[in-house]
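The chains referred to below are lettered A, B, ... by the order of the sequence lines, with proteins before strands, and numbering in each begins at 1.
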Amino acid sequence: MTVRTRFAPSPTGLLHIGGARTALFNYLFARHHGGQFLLRIEDTDRARSTPEATQVILDGLAWLGLETDEAPLFQSTRQARHAEVAQQMLAAGRAYKCFLTAADLEQMRAQARAEGRGPRIDSPWRDRDPAEAPPGAPFAIRLRAPRDGETVVDDLVQSEVRVANTELDDMIILRSDGSPTYQHAVVVDDHDMGITHVIRGDDHLTNTFRQVQIYDAMGWEKPRFGHVSLIHGADGTKLSKRHGAQSITEFRDMGYLPEALCNYLLRLGWGHGDAEILSRAEAVALFDIDGVGRAASRMDYAKLAHVNGVWIRAADDDRLTREVLARLARQPGLALGTAAAHRIRALLPQLKERAKTLVELADSAAFLAHPLPLAMEPKAAALLTAENRLMLREVAAALAASDFSPSGLDAALRGYAEQTGRKLGSVAQPLRAALTGSTVSPGIDAVLVALGRDEALGRIAAASA
RNA sequence: GACCCCUUCGUCUAGUGGUUAGGACACCAGCCUUUCACGCUGGUAACACGGGUUCGAGCCCCGUAGGGGUCGCCA
């Protein structure tokens, strides 16, 4: 049996972090077992589904590198099939026409509430002859659910879960307008798509009981289910717009690398010994459903930042340079020519050691593209005292005499410090201020090399004038 | 409210009857050092609570508490 999994979001909102993890787990599970990963867009709610949300899902999955093995299936295209199956169940006596109106239902629920009962609906039409209904009256189709016994789900994550059938009422599978309900459409589509493993959020666990009843009514083989616990916000409460970054595209904008986000998400709810940093290939090799935990987990942005830093350091320098240039291009006041691009590329190996996000990386590289005169941070400006400006003119002379190689510059700097009886730091910090406008940067030798002789000496001259 | 699920350091987790309860992030201290990072070394810190079962329980059972989810002709 070939494993086939699917990710089935509804395009009524954004692709958030929980959905991304669900997609990742489905992808990894399928790949690990040599199977296929599919996408189904659950757009049956025409009123709330938007093409924009569909695009966000597609873009988000592509960015995360979760490619599917078949073209996405749009659930709205399958209405006829959903109705067909409902009719089959009707014909087989596993479902019945219910002529209760919305008003009837509301009244029944109100009464149940008043009597302190649950909102369970027991339709009288389960046992009534449809011929008794007014001719032409609209009806919904309800599942004729078993009244005795219990429904059991042997969940891959939560283990065996069972509920008494008396707790489950006869749910509607086809609305009076002929459209399928979610529970019904999901089952029909998963069956027709040949889905073998349904890995989804914990919020669907109790839905599964109802879905299992549909599989049984049709005599269909059931897929295995695996319900993954939800992700909560950093404060432990349910994820919501209040937690800031909701959409996966926002994480991209905040400067996270897709491989880092995947790595972080993988470790949120899944563990394998002491493994922490995992490439996609390693994740595919190691991931399995038995490593998924049962408890809900919280977003930890500090850890995400750390993981992102690890992946930035491991990332290709040319790729990072492109990312930095793209971000810098949106900032005003920069001289972003080929010279600046070359400087950034030259210093990138040092810069990426110090960044946890691409935003930080771009910020730390911006000074390389600043035109003269350099804007000075207050702390940097404070270092450029009259005395230090005098010193910088001497330092410039010493540097100019060097070959401008890292070792040559280092030797020139140390030599100057030694000759003048200064500590290296008292020379380097004012120099750093003159070169970068900041008190923080990569090693001063690397900065000098990246800037190049002319630009470096020009900056020192401008700052020490 | 009913039903279902969950509960190991602050956070993510390892642990499947006998462990000094391990790792990672964060935090603290130190080293490295030309700033900031990176890196390295060390440290603080957890089995929700109460009963069982057992020679022995983080691991098994039952309660309690807390958290979450579901109860639509939404998905």
- Query: For the base of B/rU7, is there a side-chain donor-acceptor partner from A/R294 under 3.5 Å away?
  - Reply: no

- Query: At under 4.0 Å between heavy atoms, what does A/G443 touch on the DNA or RNA strands: base, sugar-phosphate, or nothing?
  - Reply: base

- Query: What's the verdict on salt bridge (charged side-chain N to carboxylate O under 4.0 Å, His left out) for A/R40 and A/D190, showing C-alpha distance, side-chain angles and the deciding distance?
  - Reply: CA-CA 9 Å; A/R40 183 173 70 232; A/D190 281 338; 2.8 Å; yes

- For B/rC12 and B/rC49, measure between their C1' atoms and round to the nearest Å. 24 Å

- Identify the nucleotide, in any strand shown, that forms a Watson-Crick or G-U wobble pair with B/rU53, with both distances under 3.5 Å; if there is none, say none. none

- Of all the choices, B/rG23, B/rU35, B/rC38, which nucleotide is nearest to the side chain of A/V440 once you look at every atom? B/rU35

- Can a salt bridge be assigned to the pair A/R162 and A/E160 using a cut-off of 4.0 Å between side-chain N and carboxylate O? yes

- Message: Distance alone, cut at 3.5 Å: any donor-acceptor contact between the side chains of A/D202 and A/H227?
- Response: no

- Message: Nearest 0.5 Å, please: how far is CZ in A/F225 from CD1 in A/I289?
- Response: 13.0 Å

- Query: Closest nucleotide of RNA chain B for A/E167 versus for A/W270: which of these residues is on the 5' side?
  - Reply: A/E167

- Query: So, are A/D169 and A/R210 salt-bridged, with charged N and O less than 4.0 Å apart?
  - Reply: yes

- Message: Considering every strand and a 4.0 Å limit on heavy-atom distances, what is the contact class for A/P9: base, sugar-phosphate, or nothing?
- Response: nothing

- Query: Do the charged groups of A/K303 and A/E276 touch, with an N to O distance under 4.0 Å?
  - Reply: yes

- Query: Whom does B/rU34 pair with, Watson-Crick or G-U wobble, provided both distances fall under 3.5 Å?
  - Reply: none

- Do A/E455 and A/R343 sit within salt-bridge range, that is, some charged N less than 4.0 Å from a carboxylate O? yes

- Query: Within the structure shown, what part of the strands sits under 4.0 Å from A/S229 by heavy-atom distance: base, sugar-phosphate, or nothing?
  - Reply: nothing

- Task: Would you mind checking if A/D410 and A/R414 are paired as a salt bridge, meaning a charged N to carboxylate O distance below 4.0 Å?
- Result: yes

- Task: Return yes if some donor-acceptor pair links the side-chain N/O of A/N26 with the main-chain N/O of A/T5 below 3.5 Å, else return no.
- Result: no

- Whether each nucleotide of nucleotides 60-72 of chain B has a protein heavy atom under 4.0 Å at its base (B), only at its sugar-phosphate (S) or at neither (-) is summarised, 5' to 3', as --------SBS-S

- Message: Less than 4.0 angstrom between a side-chain N/O of A/R175 and OP1 or OP2 of B/rA75, yes or no?
- Response: yes

- In Watson-Crick or G-U wobble terms, both distances under 3.5 Å, what is the partner of B/rU70? B/rA2

- Task: Measure across A/T436 and A/S441 and return the closest heavy-atom pair with its distance rounded to 0.1 Å.
- Result: CG2-CB, 4.0 Å

- Item | Complementary nucleotide of B/rC59, counting Watson-Crick and G-U pairs under 3.5 Å | none

- Identify whether any heavy atom of A/R298 sits under 4.0 Å from a base atom; if not, whether one sits that close to sugar-phosphate; answer base, sugar-phosphate or nothing. sugar-phosphate

- Minimum-distance nucleotide to A/D274 side chain [options: B/rA75, B/rC12, B/rG23]: B/rG23

- By nearest-nucleotide position on RNA chain B, the 5'-leaning member of A/Q429 and A/G271 is A/G271

- Item | N/O (side chain, A/S441) to phosphate O (OP1/OP2, B/rC36) under 4.0 Å | no

- Item | Euclidean distance for C1', B/rA21 against B/rA45 (whole angstrom) | 13 Å

- Item | Whole-Å C1' distance, B/rU41 and B/rG52 | 46 Å

- Taking a pair as Watson-Crick or G-U wobble with both distances under 3.5 Å, which nucleotide is matched to B/rU41? B/rA29

- Can you tell me the pairing partner of B/rU16 across any strand shown, Watson-Crick or G-U wobble, with both distances under 3.5 angstrom? none

- Within the structure shown, what part of the strands sits under 4.0 Å from A/G293 by heavy-atom distance: base, sugar-phosphate, or nothing? nothing

- Message: Counting the atoms with a prime plus P, OP1 and OP2 as sugar-phosphate, which does A/D177 contact under 4.0 Å by heavy atoms, base, sugar-phosphate, or nothing?
- Response: nothing

- Ion pair check, A/R200 and A/E42, cut-off under 4.0 Å: no

- Task: Return the nucleotide paired to B/rA46: Watson-Crick means purine N1 to pyrimidine N3 with N6-O4 or O6-N4, wobble means G-U with N1-O2 and O6-N3, both under 3.5 Å.
- Result: none

- When all nucleic acid strands are considered with a 4.0 Å heavy-atom cut-off, which category describes A/E42: base, sugar-phosphate, or nothing? sugar-phosphate

- Query: Base, sugar-phosphate, or nothing: which does A/T44 touch, judged by heavy atoms less than 4.0 Å apart?
  - Reply: sugar-phosphate

- Give A/L413 one of three labels, base, sugar-phosphate or nothing, depending on what nucleic acid heavy atoms sit under 4.0 Å from its own. nothing

Enumerate all atom pairs, one protein N or O and one N or O from nucleotides 25-28 of chain B, separated by less than 3.5 Å.
{"residue": "B/rC25", "atom": "OP1", "partner": "A/H306", "partner atom": "NE2", "Å": "3.3"}
{"residue": "B/rC25", "atom": "O2'", "partner": "A/K303", "partner atom": "N", "Å": "3.3"}

- When you compare B/rC47 with B/rG58, how far apart are their C1' atoms, in angstrom units rounded to a whole number? 5 Å

- Task: Looking at every strand, decide which applies to A/L168 at a 4.0 Å heavy-atom threshold: base, sugar-phosphate, or nothing.
- Result: nothing

- Options B/rA75, B/rU13, B/rU34, nucleotide nearest the side-chain atoms of A/S297: B/rU13

- Could you tell me whether A/R224 and A/D155 make a salt bridge, using a distance below 4.0 angstrom between a side-chain N and a carboxylate O? no

